[in-house]
Amino acid sequence: MTRRTGPETLRRAASPARLLALAVLPALLPALFLSVLAVPGARAAESAPTVSLSKKEAGMGGEITVSGKGWRGEALLMLLLCGQATPERGVIGGTNSCANGAGRAVTTDEKGAFSKKLPVAEPPEPCPCVVHVATVTGEQASADAAFTVAGHPTAELPRRTGGGKLAVLAATRLEGDSSLLTWFGAPPARRLVFTVGNLGPAPVEDPVFEIGTAHGVYAPQWEERQWRGTVAPGARARIALPVELSAGAHGDYQISLRYGKKVLAEQPWGIGRPWGVTLFWVLLCLVVPAAVFRIGMAVVDRIRPRTVGAHRTAGARPGPAVSKGLPRRTTPVARTARSAAAADADATTAVLPWFTPDSAPSENRPRPTTKGQA
C-alpha cells in the first residue's frame with residue numbers, strides 16, 4: 001500500500017509549526033511596537049535644539065561662551081540673559097525680563113551648530129535666570145539653559161497659572177485714524193482690538209501677547225505687548241493693543257496676533273502713500289530755484305553801471321522848497337502848449353475895448369455915397 005502526499009498531508013505536517021508561530025507572535029508584538037516608536041523619538045531627540053554654557057555662574061562684567069546644536073542650518077539666533085525664568089517654565093515675563101542691551105546675535109553653520117561669547121549683565125528681573133536662545137526669522141524654536149548671576153537678587157517665581165487657555169471669540173479690527181502728520185511721513189499707529197475668552201479651568205493673569213507686522217513676502221516682525229488684567233475661567237475680556245509702523249510706511253501690511261506659540265488672528269492693513277512728502281519736495285524744487293533767481297537779479301541790479309540819463313537826473317537842481325517832499329506832477333507836452341496858447345488869447349481879449357450892440361463900429365460908419373446922388 002503506497003502512501004500518498006497531498007494538500008491534506010501537508011496541512012497536517014505544518015499544523016504544529018503554525019501553532020508555534022501563533023503562540024510566539026503575541027509576545028513579539030509589544031517589542032516590535034516599542035521599537036517602531038523608539039525610532040521617531042530618537043530622531044526627535046537628536047533634532048531638538050540644545051544649549052550649553054561654559055560656566056554656570058558668573059558676576060556682572062564677566063563673559064561666558066554659549067554653544068548649541070540641533071538648530072536649523074544657517075539660522076539667525078538671538079542670545080539673551082533673562083531673569084525670572086527657568087528651563088522648565090521658560091521666560092515668564094517675555095523679553096521684558098531680559099538684559100536686551102547685552103544681547104547678541106549669531107548665525108548657525110550648515111549643521112545647525114554655533115558658539116558665541118555673551119557678556120554677563122544683570123537682567124531687570126531677579127533670578128532664577130537663564131540664557132535664552134531663540135530664532136529670529138523662519139520657523140520658531142527656542143531653548144533655555146540655567147545660569148546664575150552672582151550678586152543679583154533672587155526671588156520666587158510667580159505662581160503657575162497653568163490651565164488657562166485664551167481664544168479669540170470675535171473678529172479682530174484696527175481702530176484709529178491717521179493724522180495730518182501721517183500724510184507727511186509720520187509713523188502710522190492703530191489699536192488692535194479683539195475679544196478673548198478663557199476656555200481653561202484656571203485664571204490667566206497679565207497675559208503677554210505678540211504683535212507681528214509683515215509687509216509683502218517678508219516674515220512678520222514680532223513685538224511683545226503685555227495686557228494688564230485677569231481673565232477668569234469662562235470669562236471674556238476686550239483687549240486693545242497698540243500697533244505702530246515705521247515712519248513713511250505705506251502699502252499692504254498683515255498684522256498678526258500670537259499668544260504663546262499659537263497665532264490667534266490676522267488682520268490686513270492698507271496704508272496710503274504719504275503724498276505730503278512728495279508735495280514738500282516738489283515745492284522745495286520750485287521755491288529754491290526761484291529764491292536763487294531773485295537773489296541773483298538783486299545782485300545784478302546792485303552792481304550794474306548807471307546810465308547817462310540817470311546821472312543827469314541825479315545832478316539836476318531841485319525844485320522849490322514848497323514842493324519838496326511832494327510828488328511831482330508831470331503833464332504831457334501837448335497839453336502844456338495848449339494851456340499856453342489859451343493864456344495868450346485871454347490876455348489879448350482883456351486889452352480890447354468893450355463894445356455894446358448900439359455902438360458897434362459897423363453901424364456908426366457912414367454909408368458910402370454913389371455917384372449922382374445928392
Side-chain angles (χ1 to χ4, degrees), residues 76 78 95 100-105 107 136-137 173-193 210-225 240-256 266-339:
L76 180 61
M78 175 182 60
T95 55
N100 298 315
R104 293 293 183 268
T107 303
V136 178
T137 58
R173 63 184 183 275
L174 291 171
E175 292 185 353
D177 297 325
S178 299
S179 62
L180 182 61
L181 296 178
T182 307
W183 200 64
F184 287 92
R190 293 290 190 276
R191 290 184 304 164
L192 183 64
V193 181
E210 289 182 288
I211 302 295
T213 56
H215 181 54
V217 297
Y218 295 99
Q221 301 294 327
W222 298 96
E223 295 183 2
E224 294 183 351
R225 298 285 188 271
L241 301 177
V243 182
E244 184 175 351
L245 303 179
S246 59
H250 63 278
D252 296 329
Y253 283 80
Q254 187 79 11
I255 308 301
S256 303
E266 293 181 347
Q267 178 70 28
W269 186 8
I271 307 172
R273 183 179 295 274
W275 292 108
V277 179
T278 306
L279 179 62
F280 170 77
W281 286 110
V282 170
L283 293 178
L284 188 64
C285 293
L286 295 177
V287 171
V288 171
V292 172
F293 176 77
R294 293 292 300 272
I295 293 173
M297 293 301 297
V299 172
V300 170
D301 185 66
R302 176 75 65 178
I303 65 176
R304 69 177 180 178
R306 300 295 180 180
T307 59
V308 179
H311 285 291
R312 290 181 179 178
T313 306
R317 187 173 59 184
V322 178
S323 61
K324 185 177 181 181
L326 297 177
R328 182 174 297 179
R329 183 177 180 182
T330 58
T331 55
V333 178
R335 184 178 298 178
T336 305
R338 287 198 301 271
S339 299

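Model, not experiment: these values are computed from the prediction.
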field: CG-CD distance between Leu174 and Gln267, expressed to the nearest 0.5 angstrom
entry: 5.0 Å

statement: Minimal heavy-atom distance between Pro187 and Glu244, with the atoms involved, is CB-OE2, 3.5 Å

message: Rounded to the nearest 0.5 Å, what separates atom CG in Leu286 from atom CH2 in Trp281?
response: 13.5 Å

- request: Using the side chain to side chain contact (heavy atoms under 4.5 Å, CB included) rule, take Trp222 and Thr95 through it: C-alpha gap first, then chi angles, then the decisive distance, then the call.
  value: CA-CA 11 Å; Trp222 298 96; Thr95 55; over 6 Å; no

message: With rounding to the nearest 0.5 angstrom, report the CZ to CZ distance, Arg173 to Arg190.
response: 14.0 Å

message: Nearest 0.5 angstrom please: Phe184 CZ to Thr182 OG1, how far?
response: 11.0 Å

- prompt: Is a side-chain donor or acceptor of His215 paired with a backbone partner of Asp252 at a separation under 3.5 angstrom?
  reply: yes

field: Partners passing salt bridge (Lys or Arg N to Asp or Glu O under 4.0 Å) against Arg302 (at least two apart in sequence or in another chain)
entry: none

- prompt: Any donor-acceptor pair under 3.5 Å linking the side chain of Arg273 with the backbone of His250?
  reply: no

query: What distance separates Ile271 CD1 from Leu245 CG, expressed to the nearest 0.5 Å?
result: 4.5 Å

- prompt: What pair of heavy atoms forms the shortest contact from Ala219 to Ala214, and how long is it?
  reply: C-CB, 4.4 Å

message: Test your reading of the model: is there a side-chain donor-acceptor pair from Arg191 to the backbone of Glu175, 3.5 Å cut-off?
response: no

message: Holding to salt bridge (Lys or Arg N to Asp or Glu O under 4.0 Å), I want the full list of residues that pass it with Arg104, two or more places apart in sequence or in another chain.
response: none

- prompt: Just wondering, are more than 12 heavy atoms of other shown residues or ligands nearer than 6.0 Å to CG in Asp301?
  reply: yes

- prompt: Is the shortest heavy-atom distance from the side chain of Pro188 to the side chain of Tyr253 under 4.5 Å?
  reply: no

